[in-house]
Amino acid sequence: MLYKIKEKIYIKKNIKVKIDELFRRLQDLRKKSEIIAICPSTSGNSWQGVLTATLGLFPNCTFQIPQHFSNCIYSDKELNLISRKIAGLKFSKIIFSGYCFYFSKLIKEIKKINTKSEVFLIYHGSFASSSENTSNPVLLKEILDLESDNYINKIGFVKKGMSESFRKIRGTNSSHITLLTDLNLTKHKSKVDNVIRIGVLTHDHYRKNIHNQIAAALMVNNSVIHIKKNYNYQYFKSDNRFCVQPFFESIDDFYKSLAKMTINTYVSFSECWGQLITESLLLGVPCLAANNSGIFDGNDFLREKLIVNEFDDSNSIYKKIMAAIECRNEISDEGISYVKILNNLSKDNIKKFLYH
């Protein structure tokens with residue numbers, strides 16, 4: 001009980017924005033744009049990836065809904081007022097990027113008041129993530145039902161193949177979205193020292209395959225392994241080789257750290273896109289990946305050098321790390337150029353998503 005009281009006080013003091021202030025932000029945004037991209041706010045690292053992706057796609061028209069992790073902090077009455085304000089501003093296109101259960105109230109009320117505005121939704125999840133989080137299938141069903149009931153005009157799926165699947169299975173109006181990487185990251189361009197630094201900067205969900213990557217990185221002689229948290233790696237008896245960097249207070253601090261690596265690894269069993277991969281490449285740092293998101297579909301050289309086909313084999317990951325380090329400069333140059341090509345593809349995909 002005491003914890004809940006403290007939590008409410010914290011939310012009221014540090015997270016919740018008064019309705020009048022939200023209205024002012026919405027009005028200011030409307031003066032600049034006919035489009036609004038609505039995204040949940042972050043709590044620590046929660047929703048950080050979705051927010052970063054949304055700001056990349058819609059840098060000048062993103063509106064963050066304050067929340068506590070995935071929990072709504074506004075009453076039904078307040079949500080109704082927010083919906084009415086958004087509807088009344090008559091945006092031509094309203095994009096929800098990411099989805100929390102309370103979003104259905106916003107979407108239904110907006111569509112009820114303003115039938116002329118088109119409502120879009122970008123889904124950042126995957127089928128694999130539905131196995132890890134049992135609420136995801138319920139959430140996904142709700143999204144698909146909102147589209148079939150005409151509350152949502154179109155759904156964009158970040159995960160390769162999902163759009164085609166739901167078009168075939170349910171007749172869903174959908175398309176595939178590729179994410180855009182902020183070119184301003186080049187200000188943190190790679191600055192390596194004489195130490196072989198390997199970034200394995202992910203969490204310990206099963207699909208992230210982190211233990212295989214840690215083992216592979218430790219096989220590299222004299223390497224230092226940079227991790228977010230020590231997820232019980234004592235069995236390697238190599239704690240002196242880990243550099244633990246807890247969850248970063250700012251996204252800029254994270255990018256500065258990412259840029260210092262000799263190589264990063266993001267060889268997960270399943271991935272929607274893998275924004276860390278393109279961010280690393282843009283910083284000039286090679287990043288290994290598994291062939292599960294389509295990031296390297298358009299570049300044979302990078303696909304050969306960076307994709308690990310036997311991704312559940314730590315020795316295969318190790319061999320790929322060593323080979324990539326040997327031609328690091330070539331990979332670095334090609335990676336920077338390729339991300340710019342991917343960004344152009346992303347812009348084309350967004351245009352098709354919103355206007356076709």
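In this text the structure is predicted, and so the values were computed from the model without any measurement.
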Practice prompt. State, with a plain yes or no, whether a side-chain heavy atom of I122 is found less than 4.5 Å away from one of S97.
Written response: yes
Discussion item. Quick check: do H226 and C243 have side-chain heavy atoms less than 4.5 Å from each other?
Written reply: yes
Worksheet entry | Residue pair E132 / Y206, side-chain donor-acceptor N/O under 3.5 Å | no
Discussion item. Could you tell me if Y99 and E142 have a donor-acceptor pair between their side chains, going purely by distance under 3.5 Å?
Written reply: yes
Fill in: N209-S268 side chain donor-acceptor pair, cut-off 3.5 Å
no
Fill in: Inter-residue atom distance F166.CZ - L144.CG, 0.5 Å rounding
5.0 Å
Worksheet entry | S129 backbone acceptor or donor facing S126 side chain under 3.5 Å | yes
Discussion item. Less than 6.0 angstrom from the centroid, inside 45 degrees of the normal: does R30 satisfy that with respect to the ring of F91?
Written reply: yes
Fill in: Same apolar cluster: L81 and I86, side chain cutoff 4.5 Å
yes
Fill in: Pair D239, Q234: side-chain N/O donor-acceptor within cut-off below 3.5 Å
no
Worksheet entry | Carboxylate-amine/guanidinium proximity below 4.0 Å for D204 and K229 | no
Worksheet entry | Value rounded to 0.5 Å, distance of OG1 in T181 from CD1 in I336 | 12.5 Å
Practice prompt. Assign the ring pair F236 / Y233 to parallel, tilted or perpendicular, where the plane angle (0 to 90°) is split at 30° and 60°.
Written response: tilted
Discussion item. Does either side chain, that of H211 or that of Y235, offer a donor lying less than 3.5 Å from an acceptor on the other one?
Written reply: yes
Worksheet item: Between F254 and Q245, is any pair of side-chain heavy atoms under 4.5 Å apart?
Response: no
Practice prompt. Check step by step if side-chain contact (heavy atoms from CB on, under 4.5 Å) holds for I263 and R328.
Written response: CA-CA 8 Å; I263 188 170; R328 185 184 187 279; 5.8 Å; no
Fill in: Residues, nucleotides or ligands: over 12 heavy atoms within 6.0 Å of F301 CZ
yes
Response to the item:
Taken to the nearest 0.5 Å, the spacing of L180 CG from T54 OG1 works out to 11.5 Å
Worksheet item: Is a side-chain donor or acceptor of H205 paired with a backbone partner of R207 at a separation under 3.5 angstrom?
Response: no
Discussion item. For a quick check under 3.5 Å, do N292 and K159 share a side-chain donor-acceptor pair by atom type?
Written reply: no
Response to the item:
Value for CD1 (I225) from CD1 (I198), rounded to nearest 0.5 Å, stands at 4.5 Å
Discussion item. I'd like to know whether N264 forms a side-chain contact (heavy atoms from CB on, under 4.5 Å) with L288, so could you lay out the CA-CA distance, the side-chain angles of the two residues, the decisive distance to 0.1 Å, and finally the verdict.
Written reply: CA-CA 6 Å; N264 291 303; L288 297 190; over 6 Å; no
Worksheet item: What do the steps show when you test K320 against N309 for side chain to side chain donor-acceptor pair (under 3.5 Å), and what is the final call?
Response: CA-CA 10 Å; K320 210 72 176 184; N309 290 313; over 6 Å; no
Discussion item. Under a 3.5 Å cutoff, is there a donor and acceptor pairing between the side chains of R197 and S223?
Written reply: no
Worksheet entry | Pair R303-N299, side-chain donor/acceptor within less than 3.5 Å | no
Practice prompt. Determine yes or no for a side-chain-to-main-chain donor-acceptor pair under 3.5 angstrom, with S346 supplying the side chain and T178 the backbone.
Written response: yes
Discussion item. I'd like to know if the side chain of S46 and the backbone of T42 have a donor-acceptor N/O pair within less than 3.5 Å.
Written reply: no
Item to complete: Please check if atom NZ in K260 has more than 12 non-hydrogen atoms from other residues, nucleotides or ligands closer than 6.0 Å.
Response: no
Item to complete: Hey, could you give me the CZ/CG distance between R84 and L89, rounded to the nearest 0.5 Å?
Response: 13.5 Å
Fill in: Residue pair L183 / K340, side-chain heavy-atom distance below 4.5 Å
yes
Worksheet item: Does one hydrophobic cluster hold both Y338 and L306, with members joined at side-chain heavy-atom distances below 4.5 Å?
Response: yes
Practice prompt. Apply side-chain contact (heavy atoms from CB on, under 4.5 Å) to the pair L22 and Q27, showing each step before the final yes or no.
Written response: CA-CA 9 Å; L22 287 182; Q27 288 168 336; over 6 Å; no
Worksheet entry | Shortest non-hydrogen separation from S33 to C61 and the atoms involved | OG-CB, 3.6 Å
Item to complete: Return yes if a side-chain donor-acceptor contact under 3.5 Å exists between D312 and N212, otherwise no.
Response: yes
Discussion item. Quick one, K141 with D145, criterion salt bridge (charged side-chain N to carboxylate O under 4.0 Å, His left out). Give me CA distance, side-chain angles, the key distance, then yes/no.
Written reply: CA-CA 6 Å; K141 179 183 181 301; D145 288 346; 2.6 Å; yes
Practice prompt. Taking the side chain as every heavy atom from C-beta outward, state whether V220 and M322 have any atom pair closer than 4.5 Å.
Written response: yes
Item to complete: Walk me through it: do K160 and D297 pass the test salt bridge (charged side-chain N to carboxylate O under 4.0 Å, His left out)?
Response: CA-CA 11 Å; K160 180 181 177 181; D297 284 357; 2.8 Å; yes
Discussion item. Under 4.5 Å between side-chain heavy atoms, counting indirect links through other Ile/Leu/Val/Met/Phe/Trp/Tyr residues: same cluster for I307 and L276 or not?
Written reply: yes
Worksheet item: Would one find more than 12 heavy atoms of other residues, nucleotides or ligands at under 6.0 Å from atom CG of N222?
Response: no
Item to complete: State, with a plain yes or no, whether a side-chain heavy atom of S175 is found less than 4.5 Å away from one of F157.
Response: no
Worksheet item: In terms of heavy-atom contacts, does CD of E310 have more than 12 from other residues, nucleotides or ligands at under 6.0 Å?
Response: no
Worksheet item: Around K319, counting heavy atoms of other residues, nucleotides and ligands shown, do more than 12 lie under 6.0 Å from its NZ?
Response: no
Worksheet item: Would you say the side-chain atoms of H176 and E164 include a donor-acceptor pair closer than 3.5 Å?
Response: no
Fill in: I277 side chain reached by F296 side chain, heavy atoms, under 4.5 Å
yes
Practice prompt. Determine whether the side chains of S117 and N114 contain a donor N or O and an acceptor N or O closer than 3.5 Å.
Written response: yes
Item to complete: State, with a plain yes or no, whether a side-chain heavy atom of Y318 is found less than 4.5 Å away from one of L218.
Response: no
Item to complete: Show your working on salt bridge (charged side-chain N to carboxylate O under 4.0 Å, His left out) between D28 and R24 and close with a plain yes or no.
Response: CA-CA 6 Å; D28 288 347; R24 186 192 65 76; 2.7 Å; yes
Worksheet item: Does a donor on one side chain and an acceptor on the other come within less than 3.5 Å for Q67 and Y74?
Response: no
Item to complete: Under the salt bridge (charged side-chain N to carboxylate O under 4.0 Å, His left out) rule, what do E21 and K18 come out as? Steps first, then yes or no, please.
Response: CA-CA 5 Å; E21 172 59 19; K18 292 181 178 179; over 6 Å; no
Worksheet entry | Cationic N near anionic O, under 4.0 Å, E271 to K208 | yes
Worksheet item: Do Y151 and F120 have their ring centres less than 6.0 Å from each other?
Response: no
Discussion item. Under a 3.5 Å threshold, yes or no: a donor from one side chain and an acceptor from the other, between Q213 and T265?
Written reply: yes
Worksheet item: When hydrophobic residues are tied together by side-chain contacts of less than 4.5 Å, even through go-betweens, does I35 share a cluster with V119?
Response: no
Worksheet, complete the sentence: So CD1 of I110 and OG1 of T115: to nearest 0.5 Å the spacing works out to 13.0 Å
Worksheet item: Hey, quick one: are F311 and L302 part of the same hydrophobic cluster, counting side-chain heavy atoms closer than 4.5 Å, chains of contacts allowed?
Response: yes
